[in-house]
Engineer: 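My questions all concern the structure below.
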Amino acid sequence: MTHLLTINTGSSSLKAAVYDMGHGEAIVLVVQFERIGQPHSQMRIMNAERETLVDEELPLPDHTAALEALLDWLKSHEGGVEPDAVGHRVVHGGAAYSEPQLIDDNLVTVLSRLVPIDPLHLPQAIDAIEATRRAYPDSPQVACFDTAFHRHMPRVAQMYALPRRLEKEGVVRYGFHGLSYEYIMFELRSLDREAARGRVVIAHLGNGASMAGVKDGVSVDTTMGFTPTGGLVMGTRPGDLDPGVLLYLLQSEDMSPDQLDTLLNKQSGLLGVSEISADMHDLLDRESQDKRASEAVALFCYQARKYLGALTASLGGLDTLVFTAGIGEHAAPVRERICAGLEFLGIRLDLDRNMRSAPIISHEDSRVVIRVMHTDEDVMIARHTYRIISHTGASRVSV
């Protein structure tokens, strides 16, 4: 039996899972921590049948506390769950890493240098790596980078129009949500191999949101760039901004870098525009009574529709459009508004299928096939981890 522990840290959340890879990626445990660092932090643990084993509020001031609670529970659960290996989602791999890597001291040092690029995610990921290395010193650990999927984009899609010395320092467009895109492409190949070879736009729409254009299985362009802050409107992030806005805030508003970071990553996006909520479902419920909610939803859909057109141009056309993640999978009105008016691109939605969130929501006459697909970053982490440790012989795994 090969138990793999996967850890996926978000800005205020942590997801973990235990897989039995000896039995076809069988899920053993699913763990969710929500509202870390906020009042009423929540820990929920479910078994393979999705029966709730733990559902309680805990004082979790930071991700380290959440990790400790998780590791303590795993060690005491039915005599202890000892993973043969641990896989981590690491949002930013910088220019150094284009594939998953075994974690060693040098890798942790490189990630520490990248923290200024992604202060919202990397500190938590590094803390999780250190905590699990202490807890399971004999179990190999693997870093799976969200940027890796996009590292083969055409050079022109990775460049900024800045002095070349900055490019040499790593100021390029990296792109993110790569594990999600990789999973979707894997599933699309199993559903329709020919479609996976074609021109695909994947819309990963959640609290963090981005789109990617994929051709013949390779990322051609994506909406996020140097950091996960750019591109589409998100729950608390603004997406693309005129750089002059940042200069104005620094100079005329006398904002410090820390204040600017808080504004861009925690106070903008749907929350900033609506002044109500960062949650799309809350805003859809209130948009008929509150103009601020209505405008936030409208801006989200407008920017997504605009980028969908831009990515179609980058691909030289469009064959398949995939909606995924929390909003993409469950918010039918958002999908409808994004697709509205794009008949000239071959996009024609079937309104009834869309309201039911059917697997295929395009009209029979639509040239572009529009799909709703569930994504699973944790499975991709498990697959990469298993592959790496199997090929390197880094653990107790029997292969």
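Just so it is clear, the values below take in all heavy atoms, side chains as well, and ignore hydrogens, waters and symmetry mates.
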Engineer: Is it possible for you to say whether Tyr183 and Leu205 belong to one hydrophobic cluster, with membership spreading through side-chain heavy-atom contacts below 4.5 Å?
Structural biologist: no
Engineer: For side-chain contact (heavy atoms from CB on, under 4.5 Å), just list the numbers for Thr6 and Thr385, CA-CA rounded to whole Å, side-chain angles, deciding distance to a tenth of an Å, and then say yes or no.
Structural biologist: CA-CA 9 Å; Thr6 64; Thr385 301; 5.6 Å; no
Engineer: Thr132 and side chain to side chain contact (heavy atoms under 4.5 Å, CB included): which single residue from Asp127, Leu70, Leu71 fits?
Structural biologist: Leu71
Engineer: Cluster partners of Leu264, using ILVMFWY side-chain heavy atoms under 4.5 angstrom, listed by chain and number?
Structural biologist: Leu241, Val245, Leu246, Tyr248, Leu249, Leu250, Met255, Leu260, Leu263
Engineer: Decide yes or no on side-chain contact (heavy atoms from CB on, under 4.5 Å) for His363 and Glu343, but give the supporting numbers first.
Structural biologist: CA-CA 11 Å; His363 193 276; Glu343 289 80 8; over 6 Å; no
Engineer: Quick one: pull up CD1 in Ile327 and CG in Leu270 and give me the separation to the nearest 0.5 Å.
Structural biologist: 6.5 Å
Engineer: Can you check whether Ser362's main-chain N or O pairs, donor with acceptor, with Arg371's side chain at less than 3.5 Å?
Structural biologist: no
Engineer: Hey, which of Thr147, Asn265, Asp146, Val91 is the one that makes side chain to side chain contact (heavy atoms under 4.5 Å, CB included) with Pro228?
Structural biologist: Val91
Engineer: Does the side chain of Val108 reach to within under 4.5 Å of the side chain of Leu111, using non-hydrogen atoms?
Structural biologist: no
Engineer: Check whether Ile184 and Phe145 end up in the same hydrophobic cluster, where Ile, Leu, Val, Met, Phe, Trp and Tyr are linked by side-chain heavy atoms less than 4.5 Å apart.
Structural biologist: no
Engineer: Between Arg383 and Phe186, is NZ or CZ placed under 6.0 angstrom from the six-membered ring centre and within 45° of the ring axis?
Structural biologist: yes
Engineer: So, using salt bridge (Lys or Arg N to Asp or Glu O under 4.0 Å) as the criterion, who are the partners of Asp352 when residues are at least two apart?
Structural biologist: Arg356
Engineer: Classify the ring geometry between His150 and Tyr181 as parallel (under 30°), tilted (30 to 60°) or perpendicular (over 60°).
Structural biologist: perpendicular
Engineer: Once rounded to the nearest 0.5 Å, what's the spacing between atom CG of Asp216 and atom CZ of Arg199?
Structural biologist: 12.0 Å
Engineer: What residue pairs, at least two apart or across chains, pass ring-ring contact (aromatic ring centres under 6.0 Å, His included) with a residue in residues 191-246?
Structural biologist: His177-His204
Engineer: Do Asp84 and Met21 come within less than 4.5 Å of each other through their side chains, counting heavy atoms only?
Structural biologist: no
Engineer: What residues join Leu247 in its hydrophobic cluster, counting side-chain heavy atom gaps under 4.5 Å, either direct or through other members?
Structural biologist: none
Engineer: With sequence neighbours left out, write down each residue that passes ring-ring contact (aromatic ring centres under 6.0 Å, His included) with His92, or none if nothing qualifies.
Structural biologist: Tyr174, Phe176
Engineer: Identify whether Ile36 and Leu74 are in the same connected component of the hydrophobic contact network (ILVMFWY, side-chain heavy atoms under 4.5 Å).
Structural biologist: yes
Engineer: Which pairs with one or both residues in residues 292-303 pass side-chain hydrogen bond (donor to acceptor under 3.5 Å, both in side chains), sequence neighbours excluded?
Structural biologist: Glu275-Arg292, Asp290-Arg292, Gln303-Lys306
